[in-house]
Amino acid sequence: MLFTITYTGQNTQELGFLLYKNPARPQVSELSHGKAYVFYPEVSDERTTAALLLDIDPLDLARGKAGSSGGGLFDYVNDRPYASSSFMSTAISKVFGTAMTGRADAHQKLSDAPLDLTASVAMLPCRGEREKLNAVFEPLGYEVSFDTALSDEKHPNWGESKYVNLTLKGNVRLRDLLRHVYVLIPVFDRQKHYWVGTDEVEKLLQHGEGWLENHPEKEYITRRYLGRRRGLVNLAFERLAEANVADGEAAPEEPAEPEEIPEKKLNLNAQRLGSVIAAVKSCGAKGVIDLGCGEGNLLNLLMKERQFSRIAGMDVSHVALGRANDKLKLEHAGEHMRERMTLFQGSLTYKDTRIAGYDAACVVEVIEHLDPPRLAAFERVLFEFAKPPTVILTTPNKEYNANYANLHEDDLRHGDHRFEWTRAEFRDWANKTAEKSGYTVRFSEIGDADEKCGAPTQMGVFSLCE
Ligand code: SAH
């Protein structure tokens, strides 16, 4: 991964003072997943280029850090070593952190002045949204150009590569250019190597100060930077609105609901719940627990089936449980019903005796909401401690996403999904989990199957061996 900044004009070697990096001395910094090298491929009065080369260790990413018990963040085969990604942003803030603040001691005047700068970002992933490069960078005062190549010269029908080499040319302050690139690389490359939490809102607002509040694409930038996590996006919007109101401007409108998977959604939900109910019925369960029950759609159906004498719903979200409570009208239910149905708050990643003792547990579209490092805890909580005779688990089939027109490659179906699995990945996980805990598992597909990609939802029914 390579990021360069070229300064043209007079005495351009002074770029070294602003970056706090001596043009005569290449430097290397250790980062958590690799090394960052800073060097100057060209230095002259009229033209000086500083380069930041990032050398990421792909095996390290796949394995996880030495000494850590968790696995890595990415598959062994990943594009992280050569794509400009959130790793590059992290490297920029680490290596050019002072330059990003604009502090330049003896060279403050130069730092405060707009300079003729050209930045290039190599291998920025952005499939299908090239026009967004213009929409995002031009309002910031850049001339935008980019080139791309075929995915594979031997197979021109595979189309263009999703990576572009981006060049931005403008008369801007160095600190602004660095802050723009810092925020905007992860906007285009959505696969972030860190978990997006509230501190990312702080970073976005800090580095977006002065340019993001009034950017015509601020909604797009904010949503994409925050990995489309709705809670965080709203928080950022509130704060941006405050900044605007303070500037005497009208508050921006509440952003539209982020990604929503299109057609057939309702239909698919209904089919999924139908398949789950059929699976619970066929295992002969009397006591059933719905883990991650959400607003209680499955519970509502279970309630209508007389064979289920004991039903429980658990969710980590109080709000969801409140809605489930309303939907099931438990407030007004008679004693018999209240004995039959229990709702409680809890997390699937903590051992909890309340989830034990049921004949079947349903985990419908929940696992993909768990942080990957917490999956091992989930496996133990459900398959080792609670150990119900049957577990019915569904999760999206990532391969099917190609059928959703508004999803790009690597997009997740929902802003709160932490991952989605292909059929092979799901089977692999399920088989290993079953084997470890003494279960067998069989698989089925839910929804209209596509010949190549399979069906939208995949289901595993785990049965405890006698
Ligand atoms: N099963 C429901 C809801 C799916 S949405 C249905 O099919 O409609 C995912 C649900 O998982 C959300 O309600 C969310 O609050 C819940 N969830 C996420 N993490 C959880 C955890 N660690 N423990 C329990 N529930 C969790």
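Order of listing sets the numbers, starting from 1, for every ligand and every atom in it. Keep in mind that the numbers below use all heavy atoms, side chains included, and drop hydrogens, waters and symmetry copies. Counting from 1, the numbers follow the sequence of the chain as shown.
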_Ring-plane angle category for F462 and Y439, please: parallel below 30°, perpendicular beyond 60°, tilted otherwise._
perpendicular
[Y] ring centre to [X] NZ or CZ under 6.0 Å, with the angle to the axis within 45°?
| X | Y | value |
| --- | --- | --- |
| R310 | Y358 | yes |
| R427 | F443 | yes |
| R374 | Y350 | yes |

Residue set satisfying side chain to side chain donor-acceptor pair (under 3.5 Å) with K94, at least two apart, ordered chain then number -> none
Q.
Do F419 and D371 make a side-chain contact, defined as non-hydrogen atoms from C-beta onward lying under 4.5 Å apart?
A. no
Using a cut-off of under 3.5 Å, which N/O atoms of ligand 1 pair up with protein N/O atoms, and what distance separates each pair?
{"residue": "ligand 1", "atom": "1 (N)", "partner": "G292", "partner atom": "O", "Å": "2.7"}
{"residue": "ligand 1", "atom": "1 (N)", "partner": "V364", "partner atom": "O", "Å": "2.8"}
{"residue": "ligand 1", "atom": "7 (O)", "partner": "V364", "partner atom": "O", "Å": "3.4"}
{"residue": "ligand 1", "atom": "13 (O)", "partner": "D315", "partner atom": "OD1", "Å": "3.4"}
{"residue": "ligand 1", "atom": "13 (O)", "partner": "D315", "partner atom": "OD2", "Å": "2.7"}
{"residue": "ligand 1", "atom": "15 (O)", "partner": "D315", "partner atom": "OD1", "Å": "2.5"}
{"residue": "ligand 1", "atom": "22 (N)", "partner": "S347", "partner atom": "OG", "Å": "3.1"}
{"residue": "ligand 1", "atom": "23 (N)", "partner": "L348", "partner atom": "N", "Å": "2.9"}
{"residue": "ligand 1", "atom": "25 (N)", "partner": "V316", "partner atom": "N", "Å": "3.4"}

